[in-house]
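Following: one structure in structure tokens, then a few remarks.
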Amino acid sequence: MKISLNRYGLWFILAFALIVRLVWIATHDVKDFDEYWEIVTHLMAGRGFALPEDGRVAATNIRVPLYPLLLAAISWLGGSWKVIGVLQAVVSAATCWWAYGIGRHLFGARAGLLAALLVACDFPLIVMTGWLLTETLYVFLLGGIVYWVITGAWQTTRGAVLIGLFAGAACLTRSEAWLYLVLLFIAVLIRWIYGKAARGGVGQVLNLPHSALAVSSRKTLLAFVIAALCVTPWLLRNHLVLGQTAMSEPMLLDFNLYRGLTDIRGDSKDYGFDFYLALRRNRSFFDAQRLEAPGVRADIRSRIVSEWQQLIRTQPLRVLQKRLYNLYVLWIYRGGFYVTESIGISDAWRNNNVTDLLRKAFFYLGLSVLPLSLALLGTWRAGLSINLALLWLYPLTITVLMIPLWADYRYCLPAHVMLAPLISCVFAFPSFWSRA
């Protein structure tokens, strides 16, 4: 009996994605990174959202709170790190639904299924389920937001409430989310203004085409207010306890700038990790003063900016080279980071290590360059529209943000979900290949 692919295909893909991730969790140790579990231990011990600073435990905002609070809740209920990995596997598998929904809405059921399958097989997303990092949750939250915006599902009161909650949760999961979400809000606002003009007298005079993106000003405002209410308690806590009305420690921006600085100068193999340790332990990397002493933070920031300006003046080609390298990290190296990080491709070439060279070529081309090229091809195939522009908004935003700084492949992981429907567009329509 022939089984309808459109009817059963999505459930098969979701089950496949979950099984693959559970197998990864079962065969690999769950790894702890970036102090999240250290914050959890202090939460569980009744010391609050805190980290050690110069021999004492003090309140911190070096990390935003949602992910540590979720880890603490799971631990309080008796869950182990493996249980956390299983839950992350479920969340990661559920992310395939967003890719399916976007692809189905834009290009049809076949494209939606292929987009979901691409996310199900996405190697970096599979690996992240076994790391105590925010990426799995963050990708899920941003994927849901983009799905609701593009499909128009958020133009109901219930949908606006959900997208507001997701937006607030995304900001409380990774602090840089607010900038992308503000740009998304501005894009929707521009679409609303454009729609008003297209339907009015101006549209008739200028012959403005209508766009498929539905926008309700009231629902947009409702989502924005709910997101703001979600993050307000955390901002108030930081203002009252730490004297910083910010999502996270502002010095983390200086940390990324410093890592980029030392990378260009070539004077630090760890690219400023000592500086990072000093920051998170509230000590200055440059002198013995404590960071909260008057003027110390401003002095550190001015030193970093001054050194950047000097490098730009004296070594412009070197700065340009490293900024292009940031693009390499974000759009090429991101595909095969886990398998290929042990040896550089240039080292493999010099050592005549054919196995490593072929392996790297496969991951660089197969998991990075090829998908990005196909996403561009899919965009051309579909024809640029407001919906497709919104799919590219996050990749372009994070790329522009990271070019001047120190780049990390993890920043670009949500783009895998957003670009999967564009990749599927290339293969979902066989007539495309028959064109002259």
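Both backbone and side-chain heavy atoms feed into the values below; hydrogens, waters and symmetry mates do not. Sequence positions, counted from 1, serve as the residue numbers for this chain.
- To the nearest 0.5 Å, atom CG of residue Leu422 and atom CG of residue Leu377 are 10.5 Å apart.
- Taking both residues in full, the closest heavy atoms of Val139 and Pro414 are given as CG2-N, 3.8 Å, listed atom of the first, atom of the second, then distance.
- Taking all atoms of both residues into account, the shortest heavy-atom contact from Cys412 to Ile398 is SG-CG2, 4.0 Å.
- A distance-only check finds no donor-acceptor pair linking the side chain of Thr129 to the backbone of Ala89 [under 3.5 Å].
- Remark: Thr379 pairs with Trp392 by the side-chain hydrogen bond (donor to acceptor under 3.5 Å, both in side chains) rule, at least two apart or across chains.
- Residues Trp154 and Val188 are in side-chain contact: their nearest non-hydrogen atoms beyond the backbone lie under 4.5 Å apart.
- In terms of the side-chain contact (heavy atoms from CB on, under 4.5 Å) criterion, residue partners of Ile19 (sequence neighbours excluded) are, by chain and number, Val23.
- Taking both residues in full, the closest heavy atoms of Cys425 and Ala382 are given as SG-CB, 4.0 Å, listed atom of the first, atom of the second, then distance.
- Contacts classified as salt bridge (charged side-chain N to carboxylate O under 4.0 Å, His left out) and involving residues 64-81 (residues at least two apart or in different chains) are not found.
- A donor-acceptor distance shorter than 3.5 angstrom exists from the side chain of Thr151 to the backbone of Tyr147, with no hydrogens or angles considered.
- Residue pairs meeting the salt bridge (charged side-chain N to carboxylate O under 4.0 Å, His left out) criterion with at least one partner in residues 156-176, sequence neighbours excluded, are Glu135-Arg174, Arg174-Glu176.
- The side-chain hydrogen bond (donor to acceptor under 3.5 Å, both in side chains) test applied to Tyr67 returns Gln88, not counting sequence neighbours.
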Contacts under 3.5 angstrom, residues 39-48 side chains, donor-acceptor by atom type, not counting sequence neighbours:
{"unit_1": "Thr41", "atom_1": "OG1", "unit_2": "Glu38", "atom_2": "O", "d": "2.5"}
{"unit_1": "His42", "atom_1": "ND1", "unit_2": "Arg47", "atom_2": "NE", "d": "2.9"}
{"unit_1": "His42", "atom_1": "ND1", "unit_2": "Arg47", "atom_2": "NH2", "d": "3.3"}

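- Between Asn387 atom CG and His105 atom NE2 the span is 5.5 Å, to the nearest 0.5 Å.
- Using a distance-only test at 3.5 Å, with no hydrogens or angles considered, a donor-acceptor pair links the side chain of Thr95 to the main chain of Val91.
- Scanning for ring-ring contact (aromatic ring centres under 6.0 Å, His included) contacts around Trp81 gives Trp37, with sequence neighbours left out.
- Checked against side-chain hydrogen bond (donor to acceptor under 3.5 Å, both in side chains), Thr245 has the following partners two or more places apart in sequence or in another chain: His239.
- Considering only heavy atoms from C-beta on, Leu236 stays 4.5 Å or farther from Pro233 through its side chain.
- Formation of a donor-acceptor pair under 3.5 Å by the Ser306 side chain with backbone atoms of Arg303 is not found in this model.
- In this structure, the side-chain hydrogen bond (donor to acceptor under 3.5 Å, both in side chains) partners of Arg21, at least two apart in sequence or on a different chain, are Ser92.
- Listed by first then second residue, pairs satisfying salt bridge (charged side-chain N to carboxylate O under 4.0 Å, His left out) with a partner in residues 72-94 number zero, not counting sequence neighbours.
- Listed by chain and residue number, Tyr180 satisfy the ring-ring contact (aromatic ring centres under 6.0 Å, His included) test with Tyr394 (two or more places apart in sequence, or in another chain).
- Asn238 places no side-chain N or O within donor-acceptor distance of the main-chain N or O of Gln244, the cut-off being under 3.5 Å.
- The side-chain contact (heavy atoms from CB on, under 4.5 Å) with Gln315 is formed by just one residue from the set Ile312, Leu317, Leu311; it is Leu311.
- How far CD1 of Ile25 is from CG of Leu18: 10.5 Å, rounded to the nearest 0.5 Å.
- Minimum interatomic distance between Val119 and Ala99 (heavy atoms only, all atoms of both residues): CG2-CB, 3.6 Å.
- Two residues are said to be in side-chain contact when any heavy atoms from C-beta on lie closer than 4.5 Å; Leu391 and Leu106 meet this criterion.
- Distance check: Ile74 CD1 to Leu87 CG gives 5.0 Å after rounding to the nearest 0.5 Å.
- Residues meeting the ring-ring contact (aromatic ring centres under 6.0 Å, His included) test with Trp234, sequence neighbours left out: Phe49.
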Evaluate the side chain to side chain contact (heavy atoms under 4.5 Å, CB included) criterion for residues Leu66 and Leu137: first the C-alpha distance (whole Å), next the side-chain angles of each, then the deciding distance (0.1 Å), finally the verdict.
-> CA-CA 10 Å; Leu66 184 59; Leu137 178 60; 4.1 Å; yes

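- In this pair, His28 and Trp24 present their aromatic rings parallel. The plane angle is below 30°, not in the 30 to 60° band.
- Contact detail for Ser424 and Ala111: the closest heavy-atom pair is OG-O, 3.1 Å.
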Are Trp131 and Thr136 close enough, and set up right, to give a side chain to side chain contact (heavy atoms under 4.5 Å, CB included), and what steps lead you there?
-> CA-CA 9 Å; Trp131 290 7; Thr136 297; over 6 Å; no

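- Looking at heavy atoms from C-beta onward, Met247 lies in side-chain contact with Leu235 at the 4.5 angstrom threshold.
- Heavy-atom minimum distance, Leu132 versus Tyr36: O-CD1, 3.4 Å.
- Side chain of Thr397 to main chain of Leu393: a donor-acceptor pair is present (N/O by atom type, distance under 3.5 Å, no hydrogens or angles).
- Across Leu118, Leu117, Leu125, a single residue satisfies side-chain contact (heavy atoms from CB on, under 4.5 Å) together with Cys121, and that is Leu117.
- Atom CD1 of residue Ile145 and atom CG of residue Leu181 lie 5.0 Å apart, to the nearest 0.5 angstrom.
- Taking CZ from Phe166 and SG from Cys171, the interatomic distance works out to 13.5 Å, rounded to the nearest 0.5 Å.
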Take Val30 and Ile84 through the side chain to side chain contact (heavy atoms under 4.5 Å, CB included) test and state the conclusion after the steps.
-> CA-CA 9 Å; Val30 177; Ile84 294 170; 5.7 Å; no

